[in-house]
**Q** 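Dropping the structure in here first, questions after.
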Amino acid sequence: MTSFSNKSDNMSKNIFNIFLISLLFTLNLIPSERIFDWPLKINNGYSSSFQEFRSGHFHGGIDLRTFQKTGYTVHAVQEGHIYKIRYVRRGSGKGIYIKHQNGLSSIYFHLKGFTGPVEKIIKKLQRIKKKKYFGNYILQRPIHVQKGDLIGYSGETGSGFPHLHLEIRDKENALLNPFRLINFITKDKNLPILRKLLIRTIKDSSINGRVGEFGFAFVKENGGNYKIPEKIYINGECEFILNTFDISDSGKHVAPSRIEFFLNGEEIYNIEFTRFTYDDNNQLGFVYDMLFSSSSSYFFNLFNQKGFALSKESKTSKNIFKLTRPGINNFKVNIYDNFNNVTTGRFSIFRSSDPVINIGASGLDDRGTHLNITEFHQGTSSKVTLSIFDKNSSLVFSKNLKISDIIKNGTLEIPENLKEKYFLAEFTFYHGDRLITKKSFTFNNHDLNFITNLKIDKFINRNSVTIRLKGHHIGSNNIILEVIQGNDRKVLFPQNDSIGIFFNFEPLNFENEVNLNFSFFNNRKLTAQIQKKINLIKISDGIEQVFSLNDLKINFAKRSVREDKVILVENVSHLSSFPVLSPQYRIYPHTFPFLDSVHIKFKSLEKDPEQIGIFKYSLKSKKWYYIATSVKKSEGLFTSRILTTGIFSLMRDIYKPEIYFKRPRKLTGNDLHLFKIIITDKGKGVDDNEIRAILNGIPVLSEYDPDWNTLNIENFSAKVKNGWNKLKISLKDRAGNYSSKETRFKVEKFDRNQIL
């Protein structure tokens, strides 16, 4: 009776929970009550969290550790019905789906095996479909399970090392954060870690007097408090990117669950990982910076972009600069993990305004001994220095200036005895000890016809192009840039930051070829001209377009972006061990994703197209990697869908797969698990369907595990014999390259009955 009474109480409690969850979904809310049990009987911890960055998608669940082993029992987290099974070679591997009465579903991936009833269904399907991996199958008669019932065994099928991947989905098949719904065996007490703040300029803004992208390290103070010691100066719109990660209960780097961003005490941005759909995977680049993020290091964008619709509840701020006030601004960021452990980071930003200085034409004549200042505004500067350089960029004179004297007198005295060396006057402005900007003027009696070549740097962010001069120490009064794009032209005057002259512009139209005409003047007289050419792609929402350059073609779908973006395409050269069949194209910047289909295409009439593919260069590893490529042999056209920008080239995979046999010098029946067949391929990868294993003259079934680079022979211990054995492995990679290798090995003291 006691047992029945307890069961009755549990049933009443379950009915109430189901009613509550159903009510919450009726109100279109996500349940927060922990209604599910831990699916394993071990205190294993977790190694990946919900909605982490993965290359091309969000992580849809959580990964539970199994200590690099397989075979742990997996149990239903709640009462329900097994309604679907999954059996695929890669990706999620073997999986099971359970639908619960509250409308939620629990999914278990990478399983080694299932319980008897499910195994019978699988064997029947394999016989009917005549293939081992049949994909997804919806059961005609769902199998009822109670909470805690055994449903399978943990494994490492599909991709990844041994672990259990667990997902919770709602009735709309959206993925929910399992941390909110599952009773964890232990609580994670580790605080998130703060590493770095990246700030990226937009248009002609600057950070500490420079245009571009710059990183600032957080320093740990005590507990969960961090700060950036230095004061950061900005004078325009910038993007903020935060490098942070959490430490799981097992010591693994995982993503946090919530980020709050404050400016002067007011929250201006937040994001929380609670729910997403598979269609939301194209929002990956809105949350994470695509260049720096990896599966263990996360860079979060602390700004909004048009089209971001992942979390309607989140606060997002696009232009943080407009929310700042002149002078000091205090920022704070809170990072929460899934157990509400919080880390706080603080930093200060000084919103500065650039100083202005101009010198009249007569004041730049070195026949005099002074400079005539026609316009001066100190901005936020508190100190100015004047430096004079000769034609070889050697310093010949330097002096600290008083701002009050500049404002009062309007002229600056310079030594007459150095006038023969005068070439360039450079003013450097400081706020305290922080250099804000520089501005340079070339004296009038110098022609610039010695400038015959010009090196430039390009920096692009959003829809803005910055061109910086390199290698020449010249004044901003001597140069202009004319941008010519199709039938449109625009003249740009130079701007200065702390390291020199730059120009900034937005594309004039959708023409790809852009001519940059640099003109150099002396006292309004043209003395030199240099032309440069760049290739730009302006991408706009709702416009389908095709970019072509030599053998390269890029197709952009209508909704590749939601706001105007600019891409630069240029030739680069990186070392490659693969024969290169096309120029290497840099598609820059590497900081945002495409939201809809973008296909990169190469045309080549090379023989053996099976060996040819599109490769992408990794800036981190300095290596080339093959990306999935389709081919139209009749047209010699090679196509890949790309999710992000990068560096691409068409290459030939000529490398055969490598086969290694690894075993102890003396092999006994008890050591058979130490016999390893290692297969590696540096190009397109091993073709699973082209692997053949022959043991003692008899073909045997085998399966390749690309995570461990190992080939596993089915029932290996049952098929070897006492004494000498002969094993031959042959295979092809996806480029058609063939390898074959055989070995003889002796097994001693082998008792098959004991092994079996």
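When reading the values below, keep in mind they use all heavy atoms of this one structure, side chains included, and skip hydrogens, waters and symmetry mates.
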**Q** When you look at NZ of K187, are more than 12 heavy atoms from neighbouring residues, nucleotides or ligands closer to it than 6.0 Å?
**A** yes

**Q** When the ring planes of H165 and H110 are compared, do they come out parallel, tilted or perpendicular, using 30° and 60° as the limits?
**A**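 H165 vs H110 ring planes: perpendicular.
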
**Q** How about K682: does its NZ atom have over 12 heavy atoms from other parts shown lying under 6.0 Å from it?
**A**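 Yes, because the 6.0 Å sphere around NZ of K682 holds more than 12 heavy atoms from other groups.
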
**Q** Check step by step if salt bridge (charged side-chain N to carboxylate O under 4.0 Å, His left out) holds for K656 and E658.
**A** CA-CA 6 Å; K656 298 179 179 180; E658 298 284 345; over 6 Å; no

**Q** Using 4.0 Å as the upper bound for N to carboxylate O, is an ion pair formed by E172 and R275?
**A** yes

**Q** Between F745 and F675, is the gap from one ring center to the other below 6.0 Å?
**A** yes

**Q** Is the ring centre of Y298 less than 6.0 Å from the ring centre of F292?
**A** no

**Q** Do R258 and Y336 form a cation-pi contact, if we require the NZ or CZ to be under 6.0 Å from the six-membered ring centre and within 45 degrees of the ring's axis?
**A** yes

**Q** Only one of N689, T710, N709, D687 clears side chain to side chain donor-acceptor pair (under 3.5 Å) with Y704; which?
**A**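 Of N689, T710, N709, D687, side chain to side chain donor-acceptor pair (under 3.5 Å) with Y704 is met by N709 alone.
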
**Q** Is there side-chain contact between D653 and N737, with at least one heavy-atom pair below 4.5 Å?
**A**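 The answer is yes, as the side chains (C-beta and beyond) meet within the 4.5 Å cut-off.
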
**Q** Atom CG in D681, atom OH in Y626: separation rounded to 0.5 Å?
**A** 11.0 Å

**Q** Can you name the residues that form a salt bridge (charged side-chain N to carboxylate O under 4.0 Å, His left out) with E610, not counting sequence neighbours?
**A** none

**Q** Is it the case that the ring center of F339 lies less than 6.0 angstrom away from the ring center of F179?
**A** yes

**Q** Between F276 and F58, does the ring centre distance come in under 6.0 Å?
**A** yes

**Q** Could you check whether atom CD of Q140 has more than 12 heavy atoms from other residues, nucleotides or ligands sitting under 6.0 Å from it?
**A** no

**Q** What is the ring orientation for F286 with F308, classed by angle as parallel under 30°, tilted 30 to 60°, or perpendicular over 60°?
**A**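 Tilted, since the angle between the ring planes falls between 30° and 60°.
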
**Q** More than 12 non-hydrogen atoms from neighbouring residues, nucleotides or ligands closer than 6.0 Å to NZ on K620, yes or no?
**A** yes

**Q** Will you find, in the side chains of R663 and T743, an N or O donor that is under 3.5 Å from an N or O acceptor?
**A**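 The answer is yes; a qualifying pair exists.
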
**Q** Walk me through whether T274 and R180 qualify under side-chain contact (heavy atoms from CB on, under 4.5 Å).
**A** CA-CA 8 Å; T274 56; R180 313 293 173 85; 3.5 Å; yes

**Q** Nearest 0.5 Å please: distance from the CZ atom of R744 over to the CH2 atom of W724.
**A**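 That separation rounds to 5.5 Å.
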
**Q** How far does NZ of K728 sit from CD1 of I659, to the nearest 0.5 angstrom?
**A** 10.0 Å

**Q** Suppose the criterion is salt bridge (charged side-chain N to carboxylate O under 4.0 Å, His left out): which pairs have a residue in residues 100-112, not counting sequence neighbours?
**A**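 Sorted pair list comes back empty.
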
**Q** Within the supplied structure, the quantity of interest is the number of heavy atoms (other residues, nucleotides, ligands) at a distance under 6.0 Å from K84 NZ; does it exceed 12?
**A** yes

**Q** Counting N and O atoms only, with roles assigned by atom type, does the side chain of N177 sit under 3.5 Å from a partner on the main chain of F273, one being a donor and the other an acceptor?
**A**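 Present.
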
**Q** Of all residues at least two apart in sequence or in a different chain, which pass the side chain to side chain contact (heavy atoms under 4.5 Å, CB included) check with S630?
**A**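 So S630 forms a side chain to side chain contact (heavy atoms under 4.5 Å, CB included) with T639.
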
**Q** Just verifying a value: how many Å separate S293 OG and F300 CZ, rounded to the nearest 0.5 Å?
**A** 7.5 Å

**Q** Are the side chain of N301 and the backbone of G285 linked by a donor-acceptor contact shorter than 3.5 Å?
**A**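 Checked: pair present.
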
**Q** Less than 4.0 angstrom from a charged side-chain N to a carboxylate O is my criterion; do D249 and K189 meet it?
**A** no

**Q** Is the F184-F36 ring centre distance short of 6.0 angstrom?
**A** no

**Q** What pair of heavy atoms forms the shortest contact from T157 to L111, and how long is it?
**A** OG1-O, 2.9 Å

**Q** Using 0.5 Å steps for rounding, measure from the CG atom of L284 to the CD atom of Q51.
**A** 9.5 Å

**Q** In this structure, are over 12 heavy atoms from other groups packed under 6.0 Å from K616 atom NZ?
**A** yes

**Q** What distance separates I98 CD1 from I151 CD1, expressed to the nearest 0.5 Å?
**A**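 It comes to 4.0 Å.
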
